[in-house]
Amino acid sequence: MRTRLRFPGFLFPRSKKRKKLSAGRQEVSRPAKEGGPPEMEAAGGGAGAPSAAGVSTSVKNPGWKELPLSSTLDENLQNLKAVFAHCSDIVFREFNFAQNKNVRLALIYTDGLVDKSLVSDQIMKALSLEVPLVTSGKEIGKEQALEFIVRQGLCVHQVEYADRLEKAVNAVLAGDTVLLVDGHATALINGVRSWEARSVEDSLTDKLVRGPRESFVETLRTNTSLLRRRIKNPALKIETITVGRVTRTEVAVAYVEGIVQPGLLGEVKERLRRIDIDGVLEGGQIEELIEDNPLSPFCSINHTDRVDKVAAQLLEGRVAVITDGTPYVLTVPALFIEIIQDPEDYYQRYIFSSLVRIIRFIAVFAVLLTTPLYVSIITYNPELLPTPLLLSIAAQREGVPLPAFVEVLLMEFVFEVLREAGLRMPQPLGQAVSIVGALVLGEAAVRGGLVGAATVIVVALTGVASFSFCYTGSTTVRVIRFPLLFMAGFMGLYGVLISVFTLVVHLASLRSFGVPFLSPAAPLVLSDQKDFLVRAPWWAMFRRPRLIAGVNPQREDPGQKPRPPAGPGKAGR
Amino acid sequence: MLAQVVLATAVLTAPSLPIAYAGQDAWLCILLAGVGGLLIACLMVNLSRRFPGETLFEYLEDILGKIPGKIVSFLYLWFFLHIVTVVVREFGALLNPIFLPETPLVVIHILALAPVAYMLWQGLEVMARTNEIFASLLLFGVILVILAAPQIKLTNFLPVLDAGPVPLLKGTLAPLAWFGELITVAVFLPYFNRPRDGYRIAGLAVCMITFMLGLAVFLTIAVFGPYVPASYLFPTFNAVRLIQLANFVERLEILVVVIWVAGGLLKIGAFYWIIVLGAAQTLGLRTYRPLILPVGVIILALSFIFHRNNLEMVRYIGLTWPFYGLTHELLLPLLLFGTALLRGKRRKKK
């Protein structure tokens with residue numbers, strides 16, 4: 001994976017960086033000023049081409065970053081060609097200005113990242129052919145050329161200036177087209193980005209019955225536009241910073257001004273700014289670099305690819321971190337309860353949503369506790385079971401050679417393997433094999449007397465329950481279940497109790513960007529109980545979560561409960 | 001907020017003592033003790049408010065002077081150490097026979113102290129939040145009483161005040177000593193979010209404890225009558241054991257144990273915290289964290305040294321504890337209060 005540098009929607013093979021990355025990532029992270037050993041340059045495979053202008057494009061020692069743009073076109077082109085040596089996908093196109101043949105122009109862009117028809121029609125054709133139509137024979141000198149081109153020559157919707165080589169290079173790599181004008185030390189950056197990308201589709205991970213289905217895609221711009229379409233308000237701010245020294249990935253921080261707490265926002269930006277890593281390929285990397293509790297199995301940053309969910313989170317005062325190149329958007333702060341919250345809860349009728357939520361809540365505990373309790377009761381305290389049940393379980397376990405603990409551990413292992421296999425297998429095979437595997441294995445194991453039927457039931461129950469709430473949450477719970485299982489095996493019910501206690505202490509000690517992880521349960525926030533285990537009707541949830549949106553807690557006007565219009569009242573009706 | 005659960009753990013053992021003395025009127029003992037507890041709590045809150053922002057250990061020196069203050073501080077530390085070892089021991093005494101009859105008691109004690117130490121390491125705030133989470137478990141306690149309804153015979157409470165007031169007062173003494181543990185409020189108060197609410201919080205705590213203890217006593221007497229429970233070590237536990245629903249839901253005593261383990265751990269945590277904090281403050285340390293491990297080991301060791309077996313512990317709780325406890329909980333604070341009044345000490349408000 002590491003040998004590929006992925007740029008938005010485009011595979012970008014730069015052999016040099018590739019070799020260095022795989023050779024030693026340690027070296028990449030050292031400060032740039034060291035003056036790399038010459039053999040590193042040779043290892044880049046180049047025939048010494050960059051050295052022409054004394055420019056090194058090595059990741060380790062990027063000499064070109066310091067260079068300004070020069071006012072002569074030739075020197076600029078030479079520098080840029082040196083920078084882009086061995087980059088076969090960079091296009092250099094030189095042509096002349098229509099009005100004045102002495103004004104030479106050059107276009108530099110990355111093939112595949114620009115809209116070619118735009119480049120040829122709106123930039124090249126406009127400048128090399130059509131300009132005289134506008135100016136009616138007026139002579140344009142070299143000096144006015146730049147100003148004139150921007151004002152009247154280019155038919156591109158977005159133009160920026162650059163006076164340093166680094167900015168021009170970054171623009172080219174980001175998919176913009178750089179226009180150099182002879183005699184000017186300023187480059188024009190034209191926004192004509194366009195590349196192959198996946199279209200907006202249904203969410204793959206967060207399924208729902210009722211509600212918007214759109215999900216984010218890999219392109220940052222598309223994602224921000226999806227968000228903007230939900231929140232049409234200038235208060236929705238989207239700030240961008242670049243993360244990743246090699247990949248130079250754009251990361252956007254989105255928030256709604258006036259709802260978000262300034263302290264939280266500052267903290268998020270500060271933590272993002274502190275990141276110093278060579279590459280960011282997925283939001284998960286950012287997540288691990290900015291989270292509060294790096295050693296905890298619980299994730300204190302949530303992620304989703306559902307647009308409506310992110311919009312709702314922003315409206316509650318959270319901050320979203322959108323990473324270019326991944327459909328998953330991070331939202332902070334994240335709370336424990338988000339494990340059992342689902343966007344659909346807010347669209348379905350509240351009574352049903354509340355029921356489903358409580359069921360999910362129970363499911364979390366079922367995943368966590370069923371097998372440990374089963375093991376400890378069977379092993380240590382069988383007297384706790386009602387006698388008929390105990391007898392039937394004992395009869396099943398008659399011929400089972402393994403102790404309950406080993407038996408359950410074995411079955412859990414088999415189940416996890418099946419699940420993983422079902423996930424990784426080529427799609428057409430996946431489901432069939434996992435079902436057959438589960439049925440055949442389970443049935444055969446029971447028939448063969450290797451495990452008791454009750455064990456299979458218990459393990460299957462936890463397995464199914466783990467699918468009933470959010471996937472990230474279920475991975476965490478699945479991990480924690482194993483230490484609990486061990487405690488159950490060694491110390492029985494007492495071990496389970498102690499573990500649960502420790503777990504609660506641990507959860508209580510967690511914070512996500514300053515907000516206690518267990519809120520609104522501990523610390524108890526009464527007004528937030530409306531969106532905790534039950535989902536109150538929308539006309540009753542007139543406050544935003546108190547600890548998250550501290551500045552501006554009022555969500556809606558209270559007292560909007562729909563009621564029949566006040567007609568001529570009749571007493572006794 | 002905090003004091004509520006800290007003390008509600010006496011529920012399990014409490015009934016047998018007053019019942020032994022006062023028979024069917026034991027519930028009156030609890031009420032009386034509740035009133036006494038309220039007085040103690042108010043005394044401590046008042047004392048605390050004279051020295052805002054200071055814990056018991058800090059203002060002891062203000063009242064008594066440096067050296068005597070430190071001596072009394074150590075006295076209190078010793079006292080709290082005593083309480084916590086009793087709780088740890090009780091913990092083992094209940095769990096050992098029920099869950100792990102063949103496991104050495106030491107293992108159980110270590111496993112109880114380890115998560116508590118982890119909790120202390122995380123600090124008071126985490127402890128308070130953990131408390132909040134487990135406080136909801138107490139609701140189950142109330143549900144249990146409802147479930148026990150078929151076993152309840154209200155005639156067990158008759159006749160009222162048959163034996164006269166003396167046994168009643170005798171029976172009040174032990175629960176009063178339990179209530180006296182509320183003096184911990186003197187240490188917790190400076191850490192409350194709103195220290196001004198001290199009276200309200202202490203009052204609320206006393207009410208809750210009275211309710212829970214009263215409930216436990218009510219349940220035991222109503223189920224067993226006045227004679228049997230006095231001989232049980234854990235009468236509430238035995239009462240719940242009798243619950244049976246629809247021939248399927250039975251053995252609900254496990255719920256009591258769950259509640260009790262959570263409560264017990266939190267109670268150990270509270271006193272453990274007071275000890276390490278008090279020790280740190282008496283010795284003038286900046287943080288109590290380095291003390292957690294040594295104090296834990298001391299508690300572990302003392303929990304075996306103080307009581308060689310369960311019977312000795314029961315005897316201690318019944319006979320020695322009320323007087324020993326009340327000395328520290330009522331007598332000393334009263335003396336302190338008097339001294340503070342006489343010497344007119346009062347920390348100047350900034």
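Sequence lines set the chain letters: A, B, ... in the order given, protein chains first and strands last, and positions in each chain run from 1.
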Exercise for the section: Can you tell which part of A114(B) gets under 4.5 Å to a heavy atom of chain A, answering side chain, backbone, both or neither? Expected result: neither
Problem - Residue, of G492(A), G495(A), P516(A), that accumulates the most heavy atom pairs under 4.5 Å with chain B - result: P516(A)
Problem - For L497(A) against V261(B), the heavy-atom pair lying closest together - result: CD1-CG2, 3.7 Å
Problem - Residues, nucleotides or ligands: over 12 heavy atoms within 6.0 Å of F304(B) CZ - result: yes
Fill in the blank from the handout: Shortest non-hydrogen pair, L265(B) vs I498(A), comes out as CD1-CD1, 4.0 Å
Exercise for the section: To the nearest 0.5 angstrom, please state how far the CG atom of L266(B) sits from the CZ atom of F501(A). Expected result: 4.5 Å
Handout entry: Flag side-chain contact, heavy atom, 4.5 Å: L518(A) against R129(B)
Key = no
Problem - Nearest heavy atoms of A508(A) and T130(B), plus distance in Å - result: CB-OG1, 3.8 Å
Handout entry: Whether Y118(B) side chain and T502(A) backbone form a donor-acceptor pair below 3.5 Å
Key = no
Practice task
Measure the OG-CD distance between S509(A) and E125(B) for me, rounded to the nearest 0.5 Å.
Solution key: 10.0 Å
